A.B. asks: 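Let me begin by handing over the structure; questions about it come next.
Just so it is clear, the model here is predicted, and its values are computed rather than measured. Here is the naming used below: chain letters follow the sequence lines, and residue numbers restart at 1 for every chain.
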Amino acid sequence: MTANSGNPNPGNPNSGDTNPGDRNLRGQPSDDELLALLRAGQAEVDPPPPGLAEMAMRALTWDTEFAALVTATPVDEPVLVRGAEGATGLAEADVVDLTFEIEGTVLEVSVESKPASEGYRLSGLIHPVRDQVLVITPGVEPVAIECDSFGRFEAEVMTEPLALGFELAHGRVVRTELLDLP
Amino acid sequence: MRTLAAADVECYGLGRMSGTEEDPWRLAKALSGDEASWRIIIDEFSLPIWQWARSYGLTREEAEDVAQNVWYKLKDKGSSIQEPARLPGWLATTTKREALTILRRRRRMVDTSDELVEELHDPQPAAAELVEAGDMSSSVMAAFQTLSDACRQLLALCWSGNLTYEDIAGILGKSIGYIGPTRQRCLQLLRVRAGLT
C-alpha cells in the first residue's frame, strides 16, 4: 500500500486510514480525503515554477560528452569529517572526503563548504600523477584545475551539482558521479 | 482559491497507479535516453519533489535548485535503483538530502539564532491569506501551515509520490511503527485547527 491510499489491511497497526470515500457521522472528510485536499490545495497555492519540467528534461541530456563517460563511483562510503548526527537523522558535516578508483587511477578529494559564503573548496590528490583534473557541472563549460608534481590539486567552486573528470593512463577521460556535497 | 469539495479527491491521485507500476522498465528506458519515458517520470514526480522540498521550509528559489539537482542525480545515479518500485523513495530521500544541504549552508552563512531560523523559514502562503469563510480547503490549508515542521514533512510524504510507509520510515529515519500513529496525530491536529471536529 502507499501512504496516500486507503488501507487494504485494516489489521495493520501502522495505518489508521479510513477508506477514501468514508466519512464520519458528521460528514467530515476521511484521512485520505484530507490528504487529497492538502495535495491539491498546495499545488494550487504553491505551484512549481513553470520552467521546472523543462529544466528536468535538460537533465536527461546534460553535457552529452561527459555524461557518456565511464562513471567512477566512490570506492568507500563517503567519510564525513567533523560530522555529527543532526536532528534530521542525517550526518551533518562541513567536509566530505571521497575516494574514486578506476583502472588503477585513484582520485581522492576533500570537499569543504566555505564558511559564511556559498561555494566549496576542493582539495585532492590523483595518482598516478596527472596534469589536471576537470570540474564538471551540468550545463557549464568544464574547468581544468592544474595539479602539482605530486598530483595535488586545489580549487574553489561556486557551481553545483559537480563531478570531477580525469584522464586515465591510456588517455581515456572518465568522470566521477555527481558528488554528494556537505 | 477555488474551493475543493471532498468529492474532488478522486481527481487528485488517490489509488492512482504510478507510472513505474504501469511500466517497470520505464526508468531504465529513461536513463538510456528515451525522452518519452523521462517525460512521464517528470510529469509524475515534479510536483511531489517540489512539495517535499518546500515542506523543509525552503524558498521557491531554493526548492528549484533542489529539484534541479535531484533530476541531475537521478540521471547520473538512477541506474543504482535496483527495483522500479524504489524510485519514489529514492527521489524523496535525494530531495531530503539536497534540502538539508541547503539548510546547512544557510546556517553557515548566517550565525543563526532560533529567531533567525524562524525568519529564514519560508512558511509559504500566510495562513491568514488562505482563510475564506466557509471554505473547507482554505481552512485545511491554513491549519496545515500552523503544524510543526515534522508534521508538515510527514504529511507531504504521505500525500504525494506513491510512497509506502516503509519508504517514508526510511526517508525520515524512523521505524515503520512511528509513521502510522504520527500521521494520525498530525491529521487529528489538522482537523482541530481547521475546525473539522
A.B. asks: Which bit of Leu155(B) comes within less than 4.5 Å of chain A, counting heavy atoms only: side chain, backbone, both or neither?
C.D. replies: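 Its backbone and side chain both get close to chain A.
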
A.B. asks: Which atoms of Glu166(B) are under 4.5 Å from chain A, going by heavy atoms: the side chain, the backbone, both sets, or neither?
C.D. replies: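 Neither part.
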
A.B. asks: Using non-hydrogen atoms and a 4.5 Å limit, figure out which bit of Leu179(A) sits close to chain B: side chain, backbone, both or neither.
C.D. replies: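 Only the backbone of Leu179(A) comes within 4.5 Å of chain B.
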
A.B. asks: Please flag which part of Trp50(B) lies under 4.5 Å from any non-hydrogen atom of chain A: side chain, backbone, both or neither.
C.D. replies: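 The answer is the side chain of Trp50(B).
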
A.B. asks: Between the side chains of Asp76(B) and Lys73(B), is the shortest nitrogen-to-carboxylate-oxygen separation below 4.0 Å, so that they form an ion pair?
C.D. replies: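 Not counted as a salt bridge, because no side-chain N and carboxylate O are separated by less than 4.0 Å.
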
A.B. asks: Heavy-atom cut-off 4.5 Å, strictly under: side chain, backbone, both or neither for Ala194(B) against chain A?
C.D. replies: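 For Ala194(B), there is no contact with chain A at all, as no heavy atom is under 4.5 Å.
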
A.B. asks: Identify which part of Leu190(B) has an atom lying under 4.5 Å from any heavy atom of chain A, answering side chain, backbone, both or neither.
C.D. replies: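 Just its side chain gets close to chain A.
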
A.B. asks: Find out whether the Lys NZ or Arg CZ of Lys174(B) is both under 6.0 angstrom from the six-membered ring centre of Tyr178(B) and within 45° of the ring's axis.
C.D. replies: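 Relative to the ring axis of Tyr178(B), which defines the angle, Lys174(B) lies inside both limits.
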
A.B. asks: Looking at Asp34(B) and Arg39(B), is there a salt bridge between them, counting it only when a charged N and a carboxylate O are closer than 4.0 Å?
C.D. replies: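 Looking at Asp34(B) together with Arg39(B), the answer is no, because their closest N to O distance does not fall below 4.0 Å.
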
A.B. asks: Assess whether a salt bridge exists between Arg130(A) and Glu167(A), defined as any Lys/Arg side-chain N lying under 4.0 Å from an Asp/Glu carboxylate O.
C.D. replies: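 Looking at Arg130(A) and Glu167(A), the cut-off is not met.
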
A.B. asks: Heavy-atom distance under 4.5 Å to chain B: side chain of Leu38(A), backbone, both or neither?
C.D. replies: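 Both parts, backbone and side chain.
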
A.B. asks: Tell me whether Asp32(A) is salt-bridged to Arg183(B), with the criterion being a basic N under 4.0 Å from an acidic carboxylate O.
C.D. replies: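 Yes, this pair counts.
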
A.B. asks: Measure across Ser79(B) and Leu31(B) and return the closest heavy-atom pair with its distance rounded to 0.1 Å.
C.D. replies: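 In this case the closest contact between Ser79(B) and Leu31(B) is N-CD1, 3.5 Å.
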
